[in-house]
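Being a predicted model, the structure only gives us computed values, none of them experimental. Chain letters run A, B, ... following the sequence lines, proteins first, then strands; residues in each count from 1.
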Amino acid sequence: MSRPAGPLVPEVVGRSFFDRPAEVVAPELLGCVFTHVSAEGPVGVRLTEVEAYEGERDPASHAFRGRTARNAVMFGPPGYAYVYFTYGMHFCVNLVCLGEGTASAVLLRAGEVVEGVDLARARSRPGAPVRDLARGPARLTKALGIGRDLNGADVCGVAGPLRLYAPEPGGSATVEVGPRTGVAAAPDVPWRFALAGEPTVSPYRRHAPRNRR
DNA sequence: TGCATGATGTTCT
DNA sequence: GAACATCATGCAC
């Protein structure tokens, strides 16, 4: 498609983009700008690190044991946000891939805040450097102000609070591939994708088993 | 600079 | 009742 020359109006990513396996969608999400417009204002994050999760063939996925009330969104149509609560205090956000009945999703792990920096910082910690605001999946949702109420929100709709914009053309970035971070199961599957050389990308950490008391 | 640990709630077995 | 796709903090070196 074409658009008239003028100010940069980034294109909203369409639903067909997500109607593909997560491990295919994931690397293409890098560089996209994910925005949440709330009552407080807009915050946008340029994605620098993501992870792919498949359904029943991926033991690290929430959908591994089949459909439940919590992961129902993952089994739904593509282009929606799956938000879940974990570790008693953190939210993480996924973008659902593939069609109805297939649990495929991409976890957004980290990004660089490119819009609404002040708001993002206020939600995080005053004085925090910009590159720390969305470094890590839980911080990313915090910076964007994403909570449980956005579970199942449409990412492809122009009217919704969540939107995903295609990266500006011309930027060729090197994509780094590696094992997923922090997962207890299938730690060696290379489905973690990151932009090389980005300071917002968290260092690789293997899942740390917790001592029980 | 790097590791170990506690906080905290939802979900599933 | 245990595990968990995490983060911030404290302490050792």
Side-chain angles (χ1 to χ4, degrees), chain A residues 18 21-23 25-27 29-30 34 45 47-76 80-98 102-113 120-152 155 176-194 199-213:
Chain A
F18 292 104
E23 68 270 27
V25 173
L29 280 173
L30 296 173
F34 187 56
V45 164
L47 301 176
T48 57
E49 184 182 354
V50 297
E51 282 175 6
Y53 286 85
E54 287 297 331
E56 278 130 0
R57 63 186 168 113
D58 182 4
S61 171
H62 284 175
F64 180 56
R65 290 184 183 79
R67 181 180 188 138
T68 64
R70 180 229 221 158
N71 62 29
V73 176
M74 283 179 94
F75 286 85
Y80 289 84
Y82 166 49
V83 180
Y84 67 92
F85 192 66
T86 189
Y87 287 103
M89 58 179 84
H90 299 300
F91 290 105
C92 295
V93 60
N94 295 248
L95 300 182
V96 178
C97 299
L98 286 179
T102 316
S104 185
V106 178
L107 169 70
L108 309 185
R109 286 199 58 86
E112 174 194 3
V113 178
R121 198 196 319 261
R123 289 205 264 240
S124 159
R125 296 180 65 191
V130 176
R131 65 179 206 210
D132 280 354
L133 292 179
R135 188 165 67 170
R139 288 151 144 184
L140 184 140
T141 56
K142 197 172 172 188
L144 285 170
I146 291 179
R148 198 198 311 277
D149 50 319
L150 285 173
N151 186 33
V155 173
E176 220 166 61
V177 183
R180 289 176 293 187
T181 302
V183 298
D188 296 322
V189 181
W191 278 352
R192 170 178 182 260
F193 304 91
T200 51
V201 175
S202 49
Y204 170 65
R205 272 196 339 251
R206 194 165 256 252
H207 177 258
R210 301 203 301 151
N211 286 346
R212 290 187 283 112
R213 0 169 304 149

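- Under the salt bridge (Lys or Arg N to Asp or Glu O under 4.0 Å) criterion, A:Glu112 pairs with A:Arg46, sequence neighbours left out.
- For A:Tyr84 and C:dA5, a side-chain-to-base donor-acceptor distance below 3.5 Å is present, hydrogens and geometry of angles not being considered.
- Partners of A:Asn71 under the side chain to side chain donor-acceptor pair (under 3.5 Å) rule, at least two apart in sequence or in another chain, are A:Thr68.
- The phosphate of B:dT11 has neither OP1 nor OP2 within less than 4.0 Å of any side-chain N or O from A:Arg65.
- Residue contacts for A:Ala138: at a heavy-atom cut-off of 4.0 Å it reaches the sugar-phosphate backbone alone, with no base atom in range.
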Report, one line per pair, each donor and acceptor closer than 3.5 Å where one atom sits in a side chain of residues 138-146 of chain A; sequence neighbours left out.
{"residue": "A:Arg139", "atom": "NH1", "partner": "A:Arg135", "partner atom": "O", "Å": "2.7"}
{"residue": "A:Thr141", "atom": "OG1", "partner": "A:Phe91", "partner atom": "O", "Å": "2.8"}
{"residue": "A:Thr141", "atom": "OG1", "partner": "A:Ala138", "partner atom": "O", "Å": "2.8"}

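- Contact annotation: A:Arg125 reaches the phosphate of C:dT9 (side-chain N/O to OP1 or OP2, under 4.0 Å).
- For B:dC12, the OP1/OP2 oxygens have a side-chain nitrogen or oxygen of A:Thr68 closer than 4.0 Å.
- Across C:dA5, B:dT10, C:dT6, the shortest atom-to-atom separation from the side chain of A:Asn94 is found for C:dA5.
- Relative to the side chain of A:Arg148, the nucleotides C:dA5, B:dA7, B:dT10 differ in distance, and B:dT10 lies closest.
- A stacking contact links A:Tyr53 to C:dA5: the aromatic ring centre lies within less than 5.5 Å of the base's six-membered ring centre, and the planes differ by less than 30°.
- For A:Ala72, the side-chain contact (heavy atoms from CB on, under 4.5 Å) partners at least two apart in sequence or on another chain are A:Arg67.
- Scored by the side-chain contact (heavy atoms from CB on, under 4.5 Å) test, A:Pro21 finds A:Glu23, A:Val24, A:Glu54, A:Leu98 as partners (sequence neighbours excluded).
- Using a 5.5 Å limit on the distance between ring centres and a 30° limit on the angle between planes, the aromatic ring of A:Tyr87 counts as stacked on the six-membered base ring of C:dC4.
- A stem is defined here as three or more consecutive Watson-Crick or G-U pairs, each with both distances under 3.5 Å; for DNA chain C these stems are B:1-7 with C:6-12, B:9-12 with C:1-4.
- Between A:Glu51 and A:Pro137, the closest side-chain pair of non-hydrogen atoms is not below 4.5 Å.
- Shown here are the salt bridge (Lys or Arg N to Asp or Glu O under 4.0 Å) partners of A:Arg123, two or more places apart in sequence or in another chain: A:Glu40.
- Candidate nucleotides C:dA8, C:dA5, B:dT8 were compared by shortest atom distance to the side chain of A:Met89, and B:dT8 ranks first.
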Polar atom pairs (N or O), protein with nucleotides 1-3 of chain B, under 3.5 Å:
none

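- For A:Tyr84, the side-chain contact (heavy atoms from CB on, under 4.5 Å) partners at least two apart in sequence or on another chain are A:His62, A:Arg70, A:Tyr82, A:Thr86, A:Cys92, A:Asn94, A:Leu107.
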